[in-house]
Amino acid sequence: MRPIRLPEPPIGRRSAAEVFEAGIYGIIKRVVVIGNGFSGAENQCIGLVRALGLSGCLTLYRVTRPRGGINKWLHWLPVSLHKKLDYVIRQICIYSGVQGEARWSKVVPFAVEKTGLSSVIEADAKQIAMMARDTFEKEGPLLVIASGRDTISVASSIKRLATENVFLVQIQHPRSRLNRFDLVITPQHDYYPLTPHGQRQIPWFLRRWITPRRPPARHVVLTVGALHPADSAALRSAASVWHDELAPLARPLLVVNIGGPTSSCQYGADLAKQLIAMLQNVLWSCGSVRISFSRRTPEKVSKILLKEFSSNPKVYIWDGEGPNPHMGHLAWADAFVITADSVSMLSEACTTGKPVYVIGAERCTWKFADFQKSLRERGAVCPFTGKEDISESWSYTPLNDTAEAASQVMKALAAQGWTIDA
């Protein structure tokens, strides 16, 4: 993308009102993403950036928590307090002797979890806000996009410290004080607690603590599923990259994506055994089957599937070694079977317009059950029963959440007198 070179401003600082009236400083040419080190959250931001046409203008920062050991029990704490507590415990270990320090270092690594992006700077709200203010007249406004609970305090602080210079988009529901953000993008099932059915599931004494507690405001954009970077351009590119490996496979190609249990979608070896029986029943209608596990997949689940299918010539199981074929699978698959726990994987697959079968939806509760219901009502998914003919297809309107969210961002920017550098 060719950068726009703006003329130097006249001597003396101009007021924000004068800048907006002149218009020449109201072009968004740069974007900061505040991530949390997890691909599920960061990919939502990156997908939105792609849809806005700003991929070449992206800087990624991260808010990271201490990992390992006792820290896995402290994730309920605000991230700032968690870091302070981690520092105190480390100092105690250091002063207690070398052996104590060594024991602590074994269970609490300093390294940030790897997500395919290296050399990422720790997010500092004051520094980012200062950069936005100091470079505003030359570089224009700064678009900040954040996703995940741990990013909320940093992102909202940037907006508070550089109110006239920053447009802040928060992805996933911030739970409270939504007026801190210029735009909030969140799935509609986050508002399930406000529905009559949702209210009946909440004890009356807990209702005031369940968020959200009121309908979405005007600056809240509701999506069906999660945002993601698997747009048409990305899939065309993936189709080319994976052509030599996936194009020769016998058709139809069934891709099976397995996530991992959550508090609202619980399963274990029982679901793996159920999936094996169903896949055995549909193998006759498949030319090829490719199975992928996520980082959340329990080892006991993956081992059961590996033992059953590792010698089957029709079935290939990606073991995590080498390049991740996920985007290639989205591009080349004829149909999908996906575990119900993953909103992201289901959202991506339903963007392709191809048949998507879901296994384990009956195990989902709360708002995740509502998400499954919304996909079924759109005709985007069907329950996987093991009686399917994978060569058969059906049509539905593909999900287009990321592009629609980007359109709402551009409208909100326009209302503020700003626009995207195209």
Residue pair Asn257, Ser294: steps toward the side chain to side chain contact (heavy atoms under 4.5 Å, CB included) verdict: CA-CA 8 Å; Asn257 289 333; Ser294 77; over 6 Å; no
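- The residues Arg133 and Glu164 are annotated as not salt-bridged, no charged nitrogen and carboxylate oxygen being separated by less than 4.0 angstrom.
- Panel note: side chain Lys354, backbone Leu330; a donor-acceptor pair is recorded below 3.5 Å.
- Between Val169 and Val144 there is no side-chain heavy-atom pair separated by less than 4.5 Å.
- Below 30°, between 30° and 60°, or above 60°: for Phe136 and Trp418 the angle between ring planes is between 30° and 60°, a tilted geometry.
- For Arg213, the CZ atom is densely surrounded, since the number of other residues' heavy atoms within 6.0 Å is greater than 12.
- In this structure, Trp332 contributes its side chain and Ala239 its backbone to a donor-acceptor pair below 3.5 Å.
- Scanning both residues, Ser153 and Asp150, for their nearest heavy atoms gives OG-O, 4.3 Å.
- Side-chain contact, Ser292 with His326: no donor N or O sits under 3.5 Å from an acceptor N or O.
- Between Tyr357 and Phe384, the ring planes lie tilted relative to each other; the angle falls in the 30° to 60° range.
- Across Arg376 and Ala361, no two heavy atoms sit closer than the pair NH1-CB, 4.3 Å.
- Using a distance-only test at 3.5 Å, with no hydrogens or angles considered, no donor-acceptor pair links the side chain of Lys300 to the main chain of Gly268.
- Using a distance-only test at 3.5 Å, with no hydrogens or angles considered, a donor-acceptor pair links the side chain of Thr297 to the main chain of Gly259.
- Side-chain atoms of Asp334 come within 3.5 Å of backbone N or O of Leu253 as a donor-acceptor pair.
- The structure places CD1 of Ile121 at 8.5 Å from CD of Gln127, a figure rounded to the nearest 0.5 Å.
- Side-chain contact between Thr223 and Gln188: absent, with no pair of heavy atoms (C-beta onward) separated by less than 4.5 Å.
- Between atom CG of residue Leu48 and atom CD of residue Gln408 there is a gap of 11.5 Å, rounded to the nearest 0.5 Å.
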Verdict with reasoning, Ile420 to Leu413, per side chain to side chain contact (heavy atoms under 4.5 Å, CB included): CA-CA 8 Å; Ile420 297 287; Leu413 286 168; 3.6 Å; yes
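- At least one donor-acceptor pair closer than 3.5 Å links the side chain of Gln372 to the backbone N or O of Ala340.
- With contacts defined as side-chain heavy-atom distances shorter than 4.5 Å, the pair Ile338/Ile359 does not qualify.
- The backbone N or O of Val224 lies less than 3.5 Å from a partner atom in the side chain of Asp401, making a donor-acceptor pair.
- A heavy-atom distance below 4.5 Å is found between the side chains of Val184 and Pro174.
- Side chains of Ser39 and Arg295: a donor-acceptor N/O pair is present below 3.5 angstrom, by distance only.
- Side-chain contact check for Asp319 versus Leu306: every heavy-atom pair is 4.5 Å or farther apart.
- The CG atom of Leu271 sits 8.0 Å away from atom CE of Met278, with the distance rounded to the nearest 0.5 Å.
- There is no side-chain donor-acceptor pair under 3.5 Å between Ser147 and Gln170.
- Side chains of Thr351 and Thr402 form no contact here, defined as non-hydrogen atoms less than 4.5 Å apart.
- Counting only distance, with no hydrogens or angles, the side chain of Gln44 and the backbone of Leu227 share a donor-acceptor pair below 3.5 Å.
- In this structure a side-chain-to-backbone donor-acceptor pair under 3.5 Å is missing from Ser347 to Gly225.
- Side chains of Leu254 and Arg290 form no contact here, defined as non-hydrogen atoms less than 4.5 Å apart.
- Note on Arg363 versus Asp341: no salt bridge recorded, every NZ/NE/NH1/NH2 to OD/OE distance being 4.0 Å or above.
- The aromatic ring centres of His189 and Trp366 sit 6.0 Å or more apart.
- Smallest separation of non-hydrogen atoms from Gly37 and Glu42: N-OE2, 2.8 Å.
- Judged purely by atom type and a 3.5 angstrom limit, Trp204 has no side-chain atom pairing as donor or acceptor with the backbone of Arg207.
- Proximity of Ile27 to Thr419: side-chain heavy atoms (C-beta onward) are separated by under 4.5 Å at one or more points.
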Step-by-step side chain to side chain contact (heavy atoms under 4.5 Å, CB included) determination, Lys159 to Ser156: CA-CA 5 Å; Lys159 178 64 179 179; Ser156 59; 5.6 Å; no
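- Closest heavy-atom contact between Cys45 and Ala146: SG-C, 3.7 Å.
- Atom OG1 of Thr339 sits about 9.0 Å away from atom CG of Leu275, to the nearest 0.5 Å.
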Audit row: Phe293, Trp318, ring-ring contact (aromatic ring centres under 6.0 Å, His included) steps and yes/no: CA-CA 7 Å; Phe293 305 115; Trp318 182 60; 9.0 Å; no
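- If you check the side chains of Arg30 and Thr135, you find a donor sitting under 3.5 Å from an acceptor.
- With sequence neighbours excluded, the residues satisfying disulfide (SG to SG under 2.5 Å) with Cys364 are Cys265.
- Side-chain contact, Gln199 with Tyr192: no donor N or O sits under 3.5 Å from an acceptor N or O.
- Leu305 approaches Ala272 most closely through the heavy-atom pair CD2-O, 4.4 Å.
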Steps toward side chain to side chain contact (heavy atoms under 4.5 Å, CB included) verdict (Met131, Leu142): CA-CA 9 Å; Met131 177 268 291; Leu142 177 66; 3.9 Å; yes
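- Here the straight-line distance linking atom CZ of Arg214 with atom OH of Tyr191 works out to 9.5 Å at 0.5 Å rounding.
- The shortest heavy-atom contact between Pro229 and Arg50 is O-NE, 3.5 Å.
- One finds the NZ atom of Lys126 at 13.0 Å from the CD1 atom of Ile158 (value rounded to the nearest 0.5 Å).
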